[in-house]
Amino acid sequence: MIDLVRLRREPEVVKAALARRGVSPEVMDAILEMDVKHRELLQEAEGLRAEVKFLSRLVGEARRDKDAETADALTEKSRKLGDEERGATEAMERVGGLLHDELLMIPNLPAAEAPDGADENDNVELRRWWVGMDEGLPFPTYAEHQKVPHWDIGIELDILDLEAGARLAGSMFPLYRGDGARLLRALSAFSLDRHLGVYQEVRPPTFALTSTMMSTGHLPKSSDDMYAIERDGLWAIPTAEVPLTSMHAGEILEESRLPIRLCAQTNCFRREAGAAGRDTRGVLRVHEFEKVELFAYCTPEQQEDAFNDILQRAEGVLQALGLTYRLLDLCAGDLGTSSMRTIDLEVFSPGVDRWLEVSSVSKFGDYQARRAQVRYRTSEGNNTLVHTVNGSALGWARVWAALLETYRQEDGSVVLPDVLAAYMGGNATIPARAS
RNA sequence: GGAGGGAUGACAGAGCGGCCGAAUGUACCGGUCUUGAAAACCGGCGUGGGCUUGCCCACCGUGGGUUCAAAUCCCACUCCCUCCGCCA
């Protein structure tokens with residue numbers, strides 16, 4: 001949620017920032033009007049309530065003095081004011097509710113350094129990385145045996161069974177088997193181990209309450225994109241960001257504890273509503289996938305470092321896996337609701353001949369913390385909202401695809417990078433089937 | 001799933017219709033004393049909001065109700081603890 005006080009104080013600055021991501025100034029003006037109205041009603045209601053409380057105290061005193069006549073008269077007067085107060089409070093709460101609902105729909109202000117632009121076409125490529133780049137090798141070229149899409153490799157090596165997945169849960173719910181399943185497990189373990197000691201490992205619940213979803217900004221805006229378990233009032237998390245952001249909801253943290261760095265591996269669920277017909281083959285767009293998330297609660301001063309650390313670690317995983325990737329600086333118009341700055345990592349996968357998004361590193365300022373009410377006590381004793389930062393390291397379904405396609409050998413086998421061997425029982429080769 | 005107990009400020013813990021936003025202790029911050037520290041003593045010390053910045057309002061798990069007046073009474077719910085049952 002954006003800062004209402006700031007909107008009041010510098011409306012033009014806020015409006016200009018939000019206009020960069022397509023929020024019309026009229027919307028903000030309407031909110032400002034509602035805010036004025038709300039405060040008017042608030043004053044009226046509080047004034048009446050103060051009077052009722054004052055009279056009530058007098059009633060008590062009169063009763064104590066055995067002055068029944070005065071007490072009765074005051075009671076009558078207070079009762080009438082009480083009725084009035086109820087009406088005023090109701091009006092105030094109604095407007096306040098509307099104001100709050102509107103405010104929840106307003107996205108975060110883009111950071112100054114986030115590039116201008118309307119949609120994904122305006123995102124800015126910052127740089128690319130590939131094996132040997134530092135030694136001066138050119139951008140890699142890929143051989144014919146690498147230009148096989150992973151869904152074919154999956155069948156060929158008997159490690160991916162999309163039909164079985166579809167039979168069990170519907171299309172876009174993949175089923176991995178054998179070394180394919182083991183590879184996924186290896187990737188999560190490999191990544192988590194890299195961050196151990198700096199980022200505390202967390203294994204949160206897979207489902208979250210509506211109120212929890214609100215904190216990260218996934219609700220109320222994106223309910224269509226998520227799976228709901230209506231009977232129990234739960235939502236399947238689309239990312240570990242959801243539980244991690246709310247882990248300290250409502251708390252006031254000691255400044256000395258910050259930054260609090262967390263990492264978590266979870267399954268992530270996305271309905272991919274509106275994406276029907278796109279990327280229906282393979283595992284590029286699926287309803288359920290595994291992901292390792294890095295996360296930090298920090299002070300405003302720590303935010304930049306926290307952001308860069310997560311970005312570096314996400315890159316580090318890709319470099320360790322020897323995958324070609326690029327960095328995309330998301331333009332203001334393409335930022336997620338809660339984000340003020342996001343850098344996407346896209347891996348190049350030769351089989352499908354495309355760049356695939358495998359990580360999204362974002363900083364949120366106090367936008368999420370305001371919703372979740374996560375604060376810290378500064379050394380001066382003030383309570384201030386924390387800043388939150390997070391990023392994937394990484395979303396595995398697409399990495400899985402890129403690994404198979406990148407490391408496919410002429411004989412059809414896949415020789416994975418050595419770093420994974422320890423997590424694959426010492427053998428990082430997925431053999432070709434003898435057929 | 002059944003029975004019982006509980007939820008109050010950073011923590012512990014009183015209060016059970018009316019000067020209670022809340023005793024007391026600990027912790028914390030400032031001061032006196034001290035070479036310094038500790039101890040002792042003195043003072044301060046919840047959060048959020050509104051406006052005429054001195055006052056007002058809200059908050060005692062959450063939501064509703066009773067009342068002139070609710071932390072206190074009533075109802076529902078949530079969570080925690082103990083015991084029983086069930087279970088990976």
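A quick note: this is a predicted structure, and the numbers were derived from the prediction, not measured. What you see below is based on every heavy atom in this structure, not just the backbone, and it leaves out hydrogens, waters and symmetry mates. Proteins come first, then strands; the chains are lettered A, B, ... in the order of their sequence lines, and each starts at number 1.
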note = Sorted by position of nearest nucleotide on RNA chain B, 5' first, the leading residue of A:N383 and A:R49 is A:N383
query = Of all residues at least two apart in sequence or in a different chain, which pass the side-chain hydrogen bond (donor to acceptor under 3.5 Å, both in side chains) check with A:N123?
reply = A:D334
Polar side-chain atom of A:T429 near backbone of A:V415 as donor-acceptor pair, under 3.5 Å = no
Same-atom distance (P) from B:G54 to B:C74, integer angstrom = 43 Å
message = Closer than 4.0 angstrom, basic N to acidic O: yes or no for A:E290 and A:R185?
response = no
ask   = Which of residues 72-95 of chain A sit near RNA chain B, with a heavy atom under 4.0 Å from it?
value = A:T75, A:S78, A:R79
inquiry  = Which heavy atom of A:L284 sits nearest to which heavy atom of A:R398, and what is that distance?
reply    = O-NE, 2.6 Å
inquiry  = Hydrogens and angles aside, do A:T216 and A:E241 bring a side-chain donor and acceptor to less than 3.5 Å of each other?
reply    = no
message = Of all nucleotides in RNA chain B that come within under 4.0 Å of a heavy atom of chain A, which is furthest toward the 5' end and which toward the 3' end?
response = B:G18 to B:A69
ask   = Taking the C1' atom of each, how far is B:U26 from B:U32, in whole Å?
value = 22 Å
ask   = Quantified in whole Å, what is the C1' atom distance between nucleotide B:A37 and nucleotide B:A22?
value = 36 Å
inquiry  = Using a 4.0 Å heavy-atom cut-off, does A:R257 contact any base of the nucleic acid, only the sugar-phosphate backbone, or nothing at all?
reply    = nothing
Donor-acceptor under 3.5 Å (A:T89 side chain, A:E85 main chain) = yes
request  = Go through the structure and list residues passing ring pair (Phe, Tyr, Trp, His ring centres under 6.0 Å) with A:Y325, not counting sequence neighbours.
outcome  = A:W129
query = Between B:A7 and B:U62, how far is it from one C1' atom to the other, in whole Å?
reply = 11 Å
inquiry  = Can you check the distance between B:G30 and B:A39, where both ends of the measurement are the P atom (answer in whole Å)?
reply    = 14 Å
request  = With C1' as the reference atom in both, quote the distance from B:G85 to B:G2 in angstrom, rounded to an integer.
outcome  = 8 Å
inquiry  = Which heavy atom of A:P259 sits nearest to which heavy atom of A:C298, and what is that distance?
reply    = CB-CB, 4.0 Å
ask   = Roughly how far apart, to the nearest Å, are B:A23 and B:U47 at atom P?
value = 15 Å
query = Looking only at atom P, what distance separates B:C29 and B:C77, rounded to whole Å?
reply = 45 Å
query = Parallel, tilted or perpendicular for A:F269 and A:Y227, by the 30°/60° rule?
reply = perpendicular
inquiry  = Suppose we screen for ring pair (Phe, Tyr, Trp, His ring centres under 6.0 Å). Which residues come up paired with A:F307, at least two apart in sequence or across chains?
reply    = none
note = For RNA chain B, consecutive-pair runs of 3 or more (Watson-Crick or G-U wobble, both H-bond-type distances under 3.5 Å) give B:1-7 with B:78-84, B:10-12 with B:24-26, B:28-32 with B:40-44, B:46-51 with B:54-59, B:61-65 with B:73-77
message = Determine whether the aromatic ring centres of residues A:W400 and A:Y176 are separated by less than 6.0 angstrom.
response = yes
message = Let me spell it out: for each of A:R64 and A:E51, pick the nucleotide of RNA chain B with the closest heavy atom. Which residue's pick is nearer the 5' end?
response = A:R64
